[in-house]
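Whatever order the structure lists them in is the order used to number ligands and atoms, beginning at 1.
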Amino acid sequence: MKWTIALASLLFAAQAGAQMVDLRAADAVGGDAAAGAAKVAVCVACHGPGGNAVVPAFPALAAQHAGYLYQSLAGFQRRADPASPMTAQVKDLSDTDLRNIAAYFAAQPRSAAATAVAGEAGARLFRQGDARRGIPPCQGCHGVAGQGHPLRGSAPRYDYYPALAQQQSAYLVARLAQYRDGKLADSSNALIMRGVAHNLDDAAIRSLADWLAAMPR
Ligand code: HEC
Ligand code: HEC
């Protein structure tokens, strides 16, 4: 019995080892925003000027935390998922390019998004979660105002927790479903969100996405 368990965990470690990125002790992401600016002409065609996306399915990048942006870009490179339009975009970028681009978008102001109507259901889930359904409050890790982890600034790893306020609704819906359905699980942080999203049904995802997209920032 002991051996079976030992073998199973060895196999898991081997499988996870190839792909799993441990972000618990991640370094601060430094980058040169001016150098990044020279690389984003193609990006803003989809992500909007300065990363202020207009199309709901394209995520906003403006004022997102550099650590999170960098890690998100590195994830697209690592997974090379043929279904994602981002795979071709990051294929030929160096690690330094990713850091510089992350620094560029992090430094852009987020222009006010169109005001949407947000229901109370999303607000309640964000603030309190739903213990009966095993859903934790989002604000514990994403901040009362959806601005990022409350401990951001105290250690680099908290810069890897994204701001959510004014993110694009259709993008949020797609992303939360990916976490829930186990399609994003290749970093320690993605695993955290997989656990969080596990008990979200489509209606909960929709109400959270609408609430977050309309949240002032
Ligand atoms: C053809 C349109 C298109 C172009 C061009 C494009 N992107 Fe994207 N980007 C997307 C879409 C769609 C997603 C969501 C994709 C997904 O989740 O697989 C995305 C996701 C992202 C994310 C993840 C955001 C988050 O909150 O996790 C980042 C960061 C990003 N893109 C940066 C860039 C950069 C940098 C470039 C230029 C080098 C770029 N994109 C070019 C369409 C585009
Ligand atoms: C225990 C901490 C924790 C809690 C609680 C939590 N999150 Fe997260 N969340 C994270 C981390 C860490 C990431 C970064 C994951 C990654 O790098 O893939 C993240 C990423 C996300 C993203 C991806 C953002 C983007 O730009 O792509 C969304 C959306 C999200 N969380 C929504 C939520 C919602 C909604 C809730 C509440 C139901 C919630 N989170 C609760 C830690 C948490």
Logged contact type for Asp81 with ligand 1, heavy-atom cut-off 4.0 Å, is neither
Exercise for review: Given salt bridge (charged side-chain N to carboxylate O under 4.0 Å, His left out), test Asp201 with Arg180 step by step and report yes or no.
Suggested key: CA-CA 9 Å; Asp201 59 17; Arg180 178 190 61 195; over 6 Å; no
Are Leu172 and Leu208 packed together at the side-chain level, in the sense that at least one heavy-atom pair is separated by less than 4.5 angstrom?
no
Give the cluster check for Leu212 versus Phe58: same hydrophobic cluster or not, with ILVMFWY residues linked at side-chain heavy-atom distances below 4.5 Å.
no
If we count only N and O atoms by modelled type, under 3.5 Å, do the side chains of Asp210 and Ser169 hold a donor and an acceptor together?
no
Is it the case that Arg152 places NZ or CZ above or below the six-membered ring of Tyr158, under 6.0 angstrom from the centre and within 45 degrees of the axis?
no
One finds that the ligand 1 atoms under 4.0 Å from a non-hydrogen atom of Pro85 are 11 (C), 12 (C)
For Ser84, the ligand 1 atoms with a heavy-atom partner under 4.0 Å come out as 15 (C), 16 (C), 18 (O)
Taking every heavy atom of Leu184 against every heavy atom of Arg194, the minimum-distance pair comes out as O-CB, 4.5 Å
Note: SD(Met86)-atom 8 (Fe) of ligand 1-NE2(His47) angle, rounded to 10 degrees, equals 170°
Has Gln89 got an N, O or S atom lying less than 2.8 Å from atom 8 (Fe) of ligand 1? no
Applying a strict under-4.5 Å side-chain criterion to I, L, V, M, F, W and Y, I'd like to know whether Val144 and Trp211 cluster together. no
- Query: Taking both backbone and side chain into account, is any N, O or S atom of Cys46 nearer than 2.8 Å to atom 8 (Fe) of ligand 1?
  - Reply: no
Side chain to side chain contact (heavy atoms under 4.5 Å, CB included) with Gln71: of Asn189, Val21, Val29, only one passes, and it is Val21
Are there any protein N or O atoms under 3.5 Å from the N or O atoms of ligand 2? List them with distances, or say none.
| from | atom 1 | to | atom 2 | distance (Å) |
| --- | --- | --- | --- | --- |
| ligand 2 | 7 (N) | His142 | NE2 | 2.8 |
| ligand 2 | 9 (N) | His142 | NE2 | 2.8 |
| ligand 2 | 18 (O) | Tyr179 | OH | 2.7 |
| ligand 2 | 26 (O) | Tyr68 | OH | 3.4 |
| ligand 2 | 27 (O) | Tyr68 | OH | 2.8 |
| ligand 2 | 27 (O) | Tyr171 | OH | 2.7 |
| ligand 2 | 27 (O) | Arg175 | NE | 3.1 |
| ligand 2 | 31 (N) | His142 | NE2 | 2.9 |
| ligand 2 | 40 (N) | His142 | NE2 | 2.9 |

Ile101 heavy atoms within 4.0 Å reach ligand 1 at atoms 35 (C)
Nearest heavy-atom approach of Val54 to Gln168 is O-NE2, 3.4 Å
So the atoms of ligand 1 within less than 4.0 Å of a heavy atom of Phe76 turn out to be 16 (C), 18 (O), 20 (C), 21 (C), 22 (C), 23 (C)
What one should report as the nearest heavy-atom pair of Gly143 and Phe126 is O-CZ, 3.3 Å
Note to self: Looking at Arg110 and Gln166, would you say the former's side chain and the latter's main chain have a donor-acceptor pair under 3.5 Å?
What the structure shows: yes
Ligand 1 to Val42, heavy atom cutoff 4.0 Å, flagged ligand atoms 5 (C)
Phe58 heavy atoms within 4.0 Å reach ligand 1 at atoms 12 (C)
